[in-house]
Amino acid sequence: MYTAKHAMLYKHKVHDGQAHVFYMDIRAGGKGYEEFVRRAIEQDGAKYYRGRVSKITEENGKLIVRGADTLAGEPVTIEADMVVLAAAMRPADGVEQLAQKLNVGYDEYGFLLESHPKLRPVETSAAGVYICGACQAPKDIPESVAQASAAASKVLITFSADELTREPEIAKINEETCAACFTCVHACPYHAIEQAEIRTPRGVFVKRTARVNPGLCMGCGTCVAVCPSKSADLEGFTEQQIYSMVESLV
Amino acid sequence: MSERPEFEPKIVAFVCNWCTYLGADLAGTTRLEYPPNVRIIRLPCTGRIDFNLIIKAFEIGADSVLVSGCHPGDCHYTSGNYHARRRWILFRELLQTLGFDLERIHFTWISAAEGHKWQQTVKEITEKTRKLGPYKDLYQISGVEGLEVLSDAPAVAPEALTGEEAHKAETGVPRSTGEEALREACRRLLAEGNVKVVIGYGKRGPVFATRPEDAEQLVWNNQCLANLTVYLKRKEIRALGRPAIVVKGCDERALVVLEKESQIDRKEMHVIGMACEGMGEAKCETCGVHVPRFSDEVIGEADKHPAETGERWKALESLLALPPAGRMAYWAREFERCVKCYACRQVCPMCYCERCLVEKNRPTEIEPSATAKGNFAWHIVRAFHLAGRCVGCDECTRACPAGIDLRLLNLSLAKAAEEQFAYRAGMDPKAEPLIGAYSLQDKEIFIR
């Protein structure tokens, strides 16, 4: 698509120039996109060849592009002033560090992961972090704008209510018995546990403790398994419930 | 009525909600038949699966245990299975040392789309368990051939059994005496007033010097074995004010771990390091830190870079040479003497929880009685809670009135930590804690 746009912009700036486009597939899926490519070909005279370029050599300051037009079944040779590669889109540099900082998942290419491709397309695995645009996947402007609007309205949903609704299965810490080793803080995949202090109403320091941020906790229970004093527990999957299950099983 | 088969294995499966449980569901909806011997316990994530549950399952009579979750990278909670994997690697090592039959503990990754794999896994485990028979060896002393070798415990652990005798037999006082320098430092610190109490060694047990004249009580000789860092967590000591503590190179590792676990504020204490070339203890033979590295002051001199004398895991060798049932019998006999006095917990610098897991009821996670079941449960928990944290001070072994060589359990976990993760507790203040962190490269050869 953006190659068609390049060809058009070139024609608008260099009126007597000629754009040649070698393609295998024209990725023009979307409303009006096919028409856009046709316009580049018909109105702005870009020449499209279905085929690959086999060789580019330099002769007398010109680039000689040899390729094939597989639809016409004949070789094509073009003397070009400039060759532009229609390269693939990739995520911005440093996006992985950002994702790690925000605790958001990303795929092998470095694009950020949504929590569900169909049902939660702008949410991430970190509660309160939303994604839109080309950080998630290669996207053009209309798609980015649409997704940004979606993300914005998701944010507004959060702000529109006085209270945050959460899943019922989240961890809680018995602050009285917490030994404040903060192993759970290290282990929590969502950074949902923080170091806190217990103070009397007059502000006298009593002890340190781990504390769960219920807005961030997703209820995986990793903290329960690593807690040495079992001060952490997971509502809905409490120790009491699970031990009762195990004891009644066999 | 047809005749009842003689043995139907009982298999307890701990599975995660998002992958294996759905995989089992898929097996059901696609009408795949598998043996009904498996009892599934659904947990949100493999990260939630506590090692205690595996022990509990065996305690109540499971013949095999299956633990299963999402494939690496597929965790619904991004990293729960990685955390679990690291724990299993260490836990398996402990179970192996204790002589559990590892053929009865299975770990798998089964995704929500792998109904067939679930079917296959359950079938195979059931068949295997059927062949193995009921788990009769659990916590059993008798019925194992070749145990005579172990009936005189020294074959496994000569050092621990000799106790006090060993120190007397050892003559040489550490080369770096420095007792007077230590007293001088104590007087100076207390006189300056910056430090309110000096925790050091006395003729009989620890000394808590609060006045400059108390410094005379301090000693430094080859009886200074104890790891004094355990007193730092005591409320009575904390109430005295800013402490100064006398540590050897080995004890100092405990400080590193305690600081990492935010139990102490290193700035709020003064550390007097004592150079030490060994006290003639088993641990000293393989000590890697003769000179304290992070102390505020170091008294005395010692070989700075001691050669790694002796094989660190030598003590484990004869135990690991036994077959699993033999190891189990060894520990069952050792634990039979355990009276659950919890001395091992009280002297451990790393056991600082205000409410120990063993005191927790509703649910009772560890059988409180001093029976084989209760003793095993306690020692498994104690050892595993020290995984990647135990600094090898061997205080637990020294304190045990029954002379149980608890050191071996700690050693086996230290060995696993070092071999699998190149991690040695208390050596590097900047290293991530072993439990609570994970690496994508953690080896999972035992997971199918």
Side-chain angles (χ1 to χ4, degrees), chain A residues 103-108 113 115 124-126 167 169-171 174 176-190 192 195 207-210 217-234 236-250, chain B residues 10-12 14 16-17 39-53 56-57 59-63 73 75-80 82-84 87 233 258 260-263 350-357 359-360 362-365 381 384-386 389 432-433 435-438:
Chain A
N103 215 29
V104 169
Y106 54 90
D107 64 15
E108 56 194 304
L113 280 180
S115 55
T124 62
S125 53
E167 294 293 317
E169 290 99 8
I170 60 159
N174 182 346
E176 217 167 291
T177 58
C178 172
C181 66
F182 302 126
T183 312
C184 51
V185 175
H186 289 287
C188 179
Y190 299 97
Q195 304 187 8
K207 66 173 285 202
R208 308 210 306 147
T209 179
C217 178
M218 305 294 268
C220 66
T222 303
C223 50
V224 187
V226 298
C227 181
S229 62
K230 287 286 171 289
S231 299
D233 212 344
L234 184 60
F237 287 94
T238 60
E239 290 279 287
Q240 180 86 67
Q241 290 171 322
I242 291 170
Y243 275 82
S244 306
M245 270 197 274
V246 176
E247 276 162 11
S248 58
L249 259 191
V250 179
Chain B
K10 298 185 194 91
I11 297 161
V12 175
F14 296 101
C16 92
N17 183 28
R39 283 104 160 126
I40 299 179
I41 300 225
R42 179 175 63 109
L43 291 146
C45 175
T46 32
R48 168 68 185 84
I49 300 174
D50 192 359
F51 66 93
N52 255 351
L53 291 172
K56 195 81 190 172
E59 267 181 21
I60 55 151
D63 299 306
C75 180
H76 180 81
Y77 302 104
T78 67
S79 60
Y82 291 128
H83 284 289
R87 283 202 306 273
K233 67 183 183 186
L258 286 172
K260 201 178 287 190
E261 293 173 5
S262 71
Q263 294 303 308
M350 299 307 149
C351 274
Y352 49 70
C353 291
E354 281 166 50
R355 187 219 40 203
C356 177
L357 183 57
E359 280 141 17
K360 187 177 185 212
R362 304 181 60 216
T364 306
E365 311 212 355
V381 165
F384 196 70
H385 279 182
L386 289 171
R389 301 171 62 232
E432 276 188 312
I435 299 278
Y438 66 91

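Each chain gets a letter, A, B and so on, in the order its sequence line appears, and its residues count up from 1. Values in this document were obtained by computation on a predicted structure and should not be read as measured data.
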*Asks:* Pick one of side chain, backbone, both or neither for A:Leu234, based on which atoms fall under 4.5 Å of a heavy atom in chain B.
*Replies:* side chain

*Asks:* List the atom of B:Lys56, the atom of A:Tyr243, and the distance in Å for their closest heavy-atom pair.
*Replies:* CD-CE2, 3.5 Å

*Asks:* I'd like to check B:Arg355 versus A:Ser231 (side-chain heavy atoms, cut-off strictly below 4.5 Å). Are they in contact?
*Replies:* yes

*Asks:* Output the option from A:Gly236, A:Gly221, A:Ser115, A:Cys188 having the highest count of non-hydrogen pairs under 4.5 Å with chain B.
*Replies:* A:Gly221

*Asks:* Let me confirm one number: the OG-OH distance from A:Ser229 to B:Tyr352, rounded to the nearest 0.5 Å.
*Replies:* 9.0 Å

*Asks:* Any sub-3.5 Å donor-acceptor pair from B:His83's side-chain atoms to A:Ala187's backbone N or O?
*Replies:* yes

*Asks:* Given the rule in the side-chain contact (heavy atoms from CB on, under 4.5 Å) test, do A:Lys230 and B:Asp50 qualify, once you have shown the distances and angles that lead to the verdict?
*Replies:* CA-CA 10 Å; A:Lys230 287 286 171 289; B:Asp50 192 359; 2.6 Å; yes

*Asks:* Heavy-atom distances under 4.5 Å only: say whether A:Phe237 touches chain B with side chain, backbone, both or neither.
*Replies:* both

*Asks:* Under a 4.0 Å N-O cut-off, is there an ion pair linking B:Arg48 with A:Glu239?
*Replies:* yes

*Asks:* Tell me whether the count of non-hydrogen atoms from other residues, nucleotides or ligands lying under 6.0 Å of CD in A:Glu167 goes above 12.
*Replies:* no

*Asks:* What's the separation between atom CE in A:Met245 and atom CD1 in B:Ile40, rounded to the nearest 0.5 Å?
*Replies:* 12.0 Å

*Asks:* Any chance you could measure B:Phe14, atom CZ, to A:Ile242, atom CD1, to the nearest 0.5 Å?
*Replies:* 8.5 Å

*Asks:* Are there more than 12 heavy atoms of other residues, nucleotides or ligands under 6.0 Å from atom CD of B:Glu359?
*Replies:* yes

*Asks:* Heavy atoms only: give me the nearest B:Ser79-A:Pro189 pair and the separation to one decimal.
*Replies:* OG-CB, 3.3 Å

*Asks:* Answer yes or no: is there a side-chain heavy-atom contact under 4.5 Å between B:Lys10 and A:Leu249?
*Replies:* no

*Asks:* Heavy-atom pairs under 4.5 Å with chain A: which of B:Thr364, B:Leu53, B:Asn17 has the most?
*Replies:* B:Leu53

*Asks:* Heavy-atom distance under 4.5 Å to chain A: side chain of B:Glu59, backbone, both or neither?
*Replies:* neither

*Asks:* Look only at the side chain of B:Arg362 and the backbone of A:Gln240, and say whether a donor-acceptor pair between them is shorter than 3.5 Å.
*Replies:* no

*Asks:* Less than 4.5 Å to any heavy atom of chain B: does that hold for the side chain of A:Glu169, its backbone, both, or neither?
*Replies:* neither

*Asks:* Quick one: which of A:Asn174, A:Leu113, A:Thr177 has the most heavy-atom pairs under 4.5 Å with chain B, could you say?
*Replies:* A:Thr177

*Asks:* Chain A heavy atoms under 4.5 Å from B:Asn52: which part of the residue, side chain, backbone, both or neither?
*Replies:* both

*Asks:* If you count heavy-atom pairs within less than 4.5 Å of chain A, which of B:Lys360, B:Glu365, B:Gln263 leads?
*Replies:* B:Glu365

*Asks:* Could you tell me the separation between the CD atom of A:Gln195 and the OG atom of B:Ser262, rounded to the nearest 0.5 Å?
*Replies:* 5.5 Å

*Asks:* Could you report the tightest heavy-atom contact between B:Cys45 and A:Cys220, atom names first, then the distance?
*Replies:* CB-O, 3.5 Å

*Asks:* Side chain from CB out, backbone as N, CA, C, O: work out which of these in A:Ser125 comes under 4.5 Å of a heavy atom of chain B, or both, or neither.
*Replies:* side chain

*Asks:* To the nearest 0.5 angstrom, please state how far the CD1 atom of B:Ile435 sits from the SG atom of A:Cys184.
*Replies:* 13.5 Å

*Asks:* Grab the two heavy atoms, one from B:Tyr77 and one from A:Tyr190, that are nearest each other, plus how far apart they are.
*Replies:* CA-OH, 2.9 Å

*Asks:* What part of A:Ser244 gets within 4.5 angstrom of chain B, counting heavy atoms only: side chain, backbone, both, or neither?
*Replies:* neither

*Asks:* Kindly compute the distance separating CZ (B:Arg389) from SG (A:Cys181), expressed to the nearest 0.5 Å.
*Replies:* 6.5 Å

